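As the structure is a prediction and not an experimental result, all values here were calculated from the model. To find a chain, count down the sequence lines: A is the first, B the second, and so on, and within it residues start at 1.
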Amino acid sequence: MPELPEVETVRRALEPALMGARINRVELRRKNLRFPFPEKFQSRLKGRRIALLSRRAKYLLITMENAEVLIIHLGMSGRLTLSCTPDARSKQNNTTTDPGDPKHDHVVFHLSNQMKLTYNDPRRFGFMDLVPTQQLENHKMFRALGPEPLGNSFSSNHLVQRAQGRKTDLKAFLLDQRTVAGLGNIYVCEALHRAGLSPRRSAGTLATKRKTPSKWSAALVPSIRDVLNDAIAAGGSSLKDFQKPDGALGYFQHNFDVYGREGKPCHRQSCTGTVRRITQAGRSTFYCPRCQR
DNA sequence: CATGCCCCCTGCACGC
DNA sequence: TGCGTGCAGGGGGCAT
């Protein structure tokens with residue numbers, strides 16, 4: 001489920017509880033998720049103090065004081081839940097919400113501040129890794145990542161340059177993490193709708209003959225940024241199972257213009273179109289054929 | 001290099 | 001109630 005806004009929401013929710021805390025113990029309830037846990041995963045984390053929580057694309061990064069980074073990817077169904085240990089709960093009046101089916105609690109980080117962080121992931125498409133900070137950029141999953149959509153190096157020039165001569169459709173182009181890092185199925189659909197661009201259009205048409213950004217590609221970057229910022233402000237989108245680590249739900253799903261709205265009227269002001277669902281690269285695309293060209 | 005397809009895994013909604 | 005089918009927010013790996 002988690003695309004960039006959901007991961008960012010998780011990061012922000014965890015930050016106050018995790019910053020400066022020490023990892024007392026890592027409880028592993030299986031030996032792998034999508035991939036095996038790295039060598040000596042538990043012992044390398046034991047006793048470490050958490051120095052920084054950050055995010056790259058859809059990856060949550062937890063940097064330890066000893067300059068090792070815990071990389072967490074939530075896959076499709078991964079969830080991080082923060083809760084108090086029974087001891088702490090009796091002292092304070094903390095409530096902890098719906099931890100999900102405990103049989104899918106695969107990792108529990110026991111922290112020095114009486115909190116625990118539980119990773120639950122029914123489908124196990126997520127994974128964790130632990131590498132020296134220095135090696136992060138060379139990590140297999142990070143090497144080819146494109147720019148952060150909310151960062152300075154993401155521009156229409158970048159998009160146009162990458163789109164040059166590409167016949168692949170805009171949907172696949174934007175879903176490709178090498179183009180821009182962090183968009184997934186929902187936010188690509190939403191961004192294209194905001195930009196008035198058809199997901200079926202070929203990426204190469206973003207450029208004009210003079211290789212300068214067309215007016216369409218100029219609209220695309222702000223559309224992407226806006227939809228991501230709006231979603232982050234709403235605490236992400238809660239579809240089937242996304243919750244913030246404190247159990248609260250995001251509410252951006254109520255603001256979708258096209259995603260999941262097949263057959264419903266287009267939300268664009270004065271557009272009379274109807275949202276359509278098609279399949280591209282084996283995944284659902286929602287768009288308005290009337291206002292998205 | 002670019003593209004298209006299959007796969008990993010579980011849960012859930014749906015139709016019969 | 002039970003069963004089969006298709007679908008789900010990701011992304012690696014492989015053949016072409």
> Taking CD from Glu262(A) and C1' from dC7(C), how many angstroms apart are they, rounded to a whole number?
Replying inline: 13 Å
> Distance check: side-chain N/O of Ser284(A) vs OP1/OP2 of dA8(C), anything under 4.0 Å?
Replying inline: yes
> Reckon Arg34(A) touches a base, only the sugar-phosphate, or nothing at all at heavy-atom distances under 4.0 Å?
Replying inline: base
>> Taking donor-acceptor contacts at under 3.5 Å, does the side chain of Arg123(A) reach the base of dA8(C)?
In response: yes
>> Below the 4.0 Å mark, does dG10(C) have OP1 or OP2 next to a side-chain nitrogen or oxygen of Gln177(A)?
In response: no
> Contact class for Arg162(A) vs. all strands (heavy atom < 4.0 Å): base, sugar-phosphate, or nothing?
Replying inline: nothing
> So, Tyr59(A) versus Phe142(A), ring centres under 6.0 angstrom or not?
Replying inline: yes
> For dC9(B), which nucleotide in any strand shown is its Watson-Crick or wobble partner with both distances under 3.5 Å?
Replying inline: none
> Under a 4.0 Å N-O cut-off, is there an ion pair linking Arg29(A) with Glu27(A)?
Replying inline: yes
>> Taking the six-membered ring of Tyr187(A) as reference, does the cationic atom of Lys58(A) (NZ for Lys, CZ for Arg) lie under 6.0 Å from its centre and within 45° of its axis?
In response: no
> Where the side chain of Thr168(A) is concerned, which of dG12(C), dG11(C), dT3(B) is the nearest nucleotide?
Replying inline: dT3(B)
> According to a strict under-4.0 Å criterion, is Lys58(A) in side-chain N/O contact with OP1 or OP2 of dG10(C)?
Replying inline: yes
> For the side chain of Arg277(A), counting heavy atoms from C-beta on, which of dT3(B), dG10(C), dA8(C) is nearest?
Replying inline: dA8(C)
> Between Phe125(A) and dG10(C), do the rings stack, that is, sit under 5.5 Å apart with planes less than 30° off each other?
Replying inline: yes
> Over how many whole Å does the gap from Arg178(A) atom CZ to dC1(B) atom P extend?
Replying inline: 9 Å
>> Checking contacts here: which listed nucleotide (dG10(C), dT3(B), dG11(C)) is nearest the side-chain heavy atoms of Met76(A)?
In response: dG10(C)
> To the nearest Å, how far apart are Leu33(A) CG and dC8(B) P?
Replying inline: 17 Å
> Which one, dG12(C), dG4(B), dG10(C), comes nearest to the side chain of Phe35(A)?
Replying inline: dG12(C)
>> Heavy atoms from C-beta onward define the side chain here; which of dG12(C), dA2(B), dC9(B) lies closest to that of Met141(A)?
In response: dG12(C)
>> As a test of reading the structure: which of dG11(C), dC9(B), dG10(C) is closest to the side chain of Glu3(A), going by heavy atoms?
In response: dG10(C)
> How long is the line joining CZ of Phe173(A) and C1' of dG11(C), in whole Å?
Replying inline: 18 Å
> Using a cut-off of 4.0 Å on non-hydrogen atoms, how would the nucleic acid contact of Tyr187(A) be classed: base, sugar-phosphate, or nothing?
Replying inline: nothing
> Can you tell which of Arg200(A), His193(A), Arg201(A) makes a side-chain contact (heavy atoms from CB on, under 4.5 Å) with Gln292(A)?
Replying inline: His193(A)
> Can you tell me how far P in dT5(C) sits from the matching atom in dC7(B), rounded to whole Å?
Replying inline: 16 Å
>> Expressed as a whole number of angstroms, how long is the span from Asp121(A):CG to dC8(B):C1'?
In response: 12 Å
> In whole Å, what is the span from the CZ atom of Arg283(A) to the C1' atom of dC5(B)?
Replying inline: 14 Å
> Does the distance from a Lys or Arg side-chain N to an Asp or Glu carboxylate O, for Glu262(A) and Arg276(A), drop under 4.0 Å?
Replying inline: no
>> By nearest atom, which of the nucleotides dG11(B), dA8(C), dG12(C) is closest to the Lys103(A) side chain?
In response: dG11(B)
> Can you check the Leu4(A) CG to dG11(C) C1' distance for me, whole Å?
Replying inline: 16 Å
> Are the charged groups of Arg44(A) and Glu39(A) less than 4.0 angstrom apart, N to O?
Replying inline: no
> In whole angstrom, what separates Leu145(A)'s CG from dG11(C)'s P?
Replying inline: 9 Å
> Out of dG10(C), dT10(B), dG12(C), which has the shortest distance to the side chain of His104(A)?
Replying inline: dT10(B)
